[in-house]
2 protein chains.
Amino acid sequence: MRRTKQDAQKTYDAILNASAALFAEKCISNVSLEEIAKAANVTRGAIYWHFKNKGEIFNALHESVFQPLSEIILQDLHSEEEAPLQLLSNLCVKLLLDITQDTSKRQMMTLFLLHWNYTGDIAKYKEPHLAKKEESLQLFAKYFEKAKADGTLPECADPMFLTISVRCYLKGIIIEYLNNPESIDLEKNAEHLIVQFFRQFNV
Amino acid sequence: MRRTKQDAQKTYDAILNASAALFAEKCISNVSLEEIAKAANVTRGAIYWHFKNKGEIFNALHESVFQPLSEIILQDLHSEEEAPLQLLSNLCVKLLLDITQDTSKRQMMTLFLLHWNYTGDIAKYKEPHLAKKEESLQLFAKYFEKAKADGTLPECADPMFLTISVRCYLKGIIIEYLNNPESIDLEKNAEHLIVQFFRQFNV
DNA sequence: GACAATATACATACATGAATGTATATTAAT
DNA sequence: ATTAATATACATTCATGTATGTATATTGTC
């Protein structure tokens, strides 16, 4: 039953996709490799050929996610057209809307914001994953630094503090939505939620 | 080896405490009853005597937590002394500081905000627990309703919308802190974070 | 107030099932 | 022919739940 390389890639992707959906739904430790195999239409043998164990699947998923966001931010930061806080506000709204519209992104968010928990076999990924997070946090801060530099924010403003504040708010909204989609009509309210929040900066 | 009733109560409490710590640390499904038993200095026999299974322990923990908060809020709402938004702001700060200072409260927050996941045996608790949450959300909204009634907020303000906004922000801060305590010096910044946020309402 | 009778509060032992990892078999590309 | 890409079979571990054992509080009875 040996497949061609493209077929192998397909089963690799199928395993990742199935894992993402199941991990997001049930948390990593409640998903067995047998379940993943079934959902991906393969056997556990195939999984063990492509991945060392469940932890490695999890890690592969993580890597596939954290690149794209950083790229958007870096693009934004090079733009000289719009005010930085306006760009940040837009980015936040975009992130929220993305989650409502893109199943796969929603799954990833659910997995990495809600259902992760680094214990047992996957404990060793905690530090590298946290490091990646920290990196993207630093990028967020740049919006505020730019805003401060161009006088939009007062001298006393602390970019890192404001970054944390925005980040918490955004995270809180996303988590609330993921936990209980009906409680926020995010598609409708995303913009309002963000704009209202940015009022504290007089944007 | 039969113990007196008070002794039995002690082991009951010990099981709950041990469970809280372990659940908060490792997520429910990664904790075995054997582990809980060891941490509580009993055997699994004792656990099965007091609880039907792990899910019932989880549920007992939930019940022990959600009463106290509602009581604080209800007290606040009866107070006529201070402005409602000021009271709400104070409550938020208090909640944040509590978490930094009280280990047991921190554990509970970690469990119910971060490490819950209602799958498998504990799936059946999802709805009742969500209902309790909804209940407390309604209480939060009352602060804004009062503020609107006394003219602090403009006519167009939507209390439920603002409630959700505050709730998300608060949740986001707590989750960020629980995930990574060093990233926020919450003890120092709690008040500032909240006050800054409430500026959007001109408080 | 003494003394069974019984229910209580556990501990221990066992039976079962599920998940993991590995070893081996299979098949088809290259 | 060889090896890459799977499937299958098996061995082991671990957690759960239950059944059973046991000692001691507690309760009713005289």
Side-chain angles (χ1 to χ4, degrees), chain A residues 1-19 21-23 25-61 115 117-125, chain B residues 1-23 25-61 115-125:
Chain A
M1 296 202 181
R2 177 172 181 211
R3 311 291 166 72
T4 165
K5 278 209 168 186
Q6 295 126 48
D7 278 352
Q9 183 63 36
K10 266 190 179 179
T11 73
Y12 179 92
D13 292 341
I15 292 169
L16 274 193
N17 287 333
S19 300
L22 287 167
F23 287 167
E25 185 196 342
K26 313 217 265 170
C27 212
I28 302 174
S29 42
N30 295 316
V31 178
S32 71
L33 293 181
E34 181 63 34
E35 258 181 297
I36 297 175
K38 254 188 193 161
N41 274 318
V42 292
T43 63
R44 270 173 52 241
I47 296 182
Y48 275 107
W49 200 87
H50 287 284
F51 303 92
K52 209 182 153 226
N53 50 39
K54 205 157 67 172
E56 295 286 328
I57 302 179
F58 174 65
N59 194 41
L61 283 173
H115 294 170
N117 184 262
Y118 292 90
T119 28
D121 292 336
I122 53 175
K124 58 180 158 189
Y125 302 113
Chain B
M1 293 202 185
R2 174 164 183 217
R3 309 291 166 73
T4 167
K5 279 207 168 190
Q6 295 126 49
D7 278 351
Q9 182 64 35
K10 266 189 179 180
T11 73
Y12 179 92
D13 292 342
I15 292 169
L16 274 193
N17 286 334
S19 299
L22 287 167
F23 287 168
E25 186 196 341
K26 311 217 264 170
C27 212
I28 303 173
S29 42
N30 295 315
V31 178
S32 72
L33 293 182
E34 181 62 35
E35 259 180 296
I36 297 175
K38 254 186 194 164
N41 273 318
V42 293
T43 63
R44 270 173 53 242
I47 297 181
Y48 275 107
W49 170 254
H50 287 283
F51 303 92
K52 208 182 154 228
N53 50 38
K54 207 158 67 172
E56 295 287 329
I57 302 180
F58 175 66
N59 193 41
L61 283 173
H115 293 170
W116 39 272
N117 184 262
Y118 294 90
T119 27
D121 292 336
I122 52 175
K124 58 179 160 191
Y125 302 113

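Small disclaimer: the values here were computed from a predicted structure and weren't measured. So you know, we letter chains A, B, ... as the sequences are listed, proteins then strands, and number each from 1. Note that these values count all heavy atoms, side chains included, but never hydrogens, waters or copies made by symmetry.
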Just list the side-chain donor-acceptor pairs under 3.5 Å for residues 36-43 of chain A, sequence neighbours left out, or say none.
unit_1	atom_1	unit_2	atom_2	d
A/T43	OG1	A/G45	N	3.4

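- Looking at B/K26, its side chain never comes within 3.5 Å of a backbone N or O of A/T119 through a donor-acceptor pair.
- Applying a 4.0 Å cut-off to non-hydrogen atoms, the residues of residues 34-45 of chain A that approach DNA chain C are A/R44, listed by residue number.
- In this structure, CZ on A/R44 lies 12.5 Å from CD1 on A/I15, to the nearest 0.5 angstrom.
- For B/K5, the listed nucleotide lying nearest its side chain is C/dA9; candidates were C/dG21, C/dA9, D/dA15.
- Proximity of B/W116 to B/I122: side-chain heavy atoms (C-beta onward) are nowhere separated by under 4.5 Å.
- Residues from residues 13-21 of chain B that place a heavy atom under 4.0 Å from any atom of DNA chain D: there are none.
- Side-chain contact, B/N53 with B/D121: no donor N or O sits under 3.5 Å from an acceptor N or O.
- Which of C/dG21, D/dT6, C/dA9 sits closest to the side chain of A/A46 comes down to D/dT6.
- The distance from atom CD of B/Q9 to atom P of D/dA25 is 18 Å, rounded to the nearest whole Å.
- Looking at the side chain of A/A8, the nearest of the listed nucleotides C/dG21, C/dA11, D/dT6 is D/dT6.
- If you take CG on B/L22 and NE2 on B/H115, they are separated by 12.5 Å, rounding to the nearest 0.5 Å.
- One can place CD1 of A/I28 at 16 Å from C1' of C/dA19, the figure rounded to the nearest angstrom.
- Of the two residues near DNA chain D, A/Y12 and B/L33, the one whose nearest nucleotide lies more 5' is A/Y12.
- Rounded to whole Å, atom P of D/dA5 lies 13 Å from atom CZ of A/F51.
- An OP1 or OP2 oxygen of C/dA28 is reached within less than 4.0 angstrom by no side-chain nitrogen or oxygen of A/T4.
- In this model, the phosphate group of D/dT6 is approached by a side-chain N or O of A/H50 to a distance below 4.0 Å at OP1 or OP2.
- Across the protein-nucleic acid pair, A/I122 atom CD1 and C/dT20 atom C1' stand 15 Å apart, rounded to whole Å.
- What separates OH of A/Y48 from C1' of C/dT24 is a distance of 16 Å, to the nearest Å.
- Phosphate contact (OP1/OP2 of D/dT16, side-chain N/O of B/K54, threshold under 4.0 Å): present.
- Regarding contacts with the backbone of C/dC10, every side-chain N or O of B/W49 stays at 4.0 angstrom or more from both OP1 and OP2.
- The nearest heavy atom of DNA chain D to B/N53 and to B/Q6 marks one nucleotide each, and the one closer to the 5' end goes with B/N53.
- The CD atom of A/Q6 lies 12.0 Å from the CG atom of A/D13; values are rounded to the nearest 0.5 Å.
- One atom, CD of B/E56, and another, C1' of D/dT16, lie 15 Å apart when rounded to the nearest Å.
- Distance check: B/K54 NZ to B/S29 OG gives 6.0 Å after rounding to the nearest 0.5 Å.
- Under the ring pair (Phe, Tyr, Trp, His ring centres under 6.0 Å) criterion, B/F23 pairs with no residue, sequence neighbours left out.
- Taking atom NZ of B/K52 as the reference point, atom P of D/dG17 lies 9 Å away to the nearest angstrom.
- Between the CG atom of B/N30 and the P atom of C/dA19 there is a distance of 14 Å, given to the nearest Å.
- Using a 4.5 Å cut-off on side-chain heavy atoms (C-beta onward), A/I28 and A/I57 make no contact.
- For A/Y12, the ring pair (Phe, Tyr, Trp, His ring centres under 6.0 Å) partners are A/H50, A/F51, not counting sequence neighbours.
- When every heavy atom of A/Y125 is checked against every heavy atom of A/F58, the shortest pair comes out as CD1-CD2, 4.5 Å.
- Note on the helix from C/dG1-D/dC30 to C/dT30-D/dA1: terminal axis deviation equals 10°, with five pairs used at each end and the result rounded to 10°.
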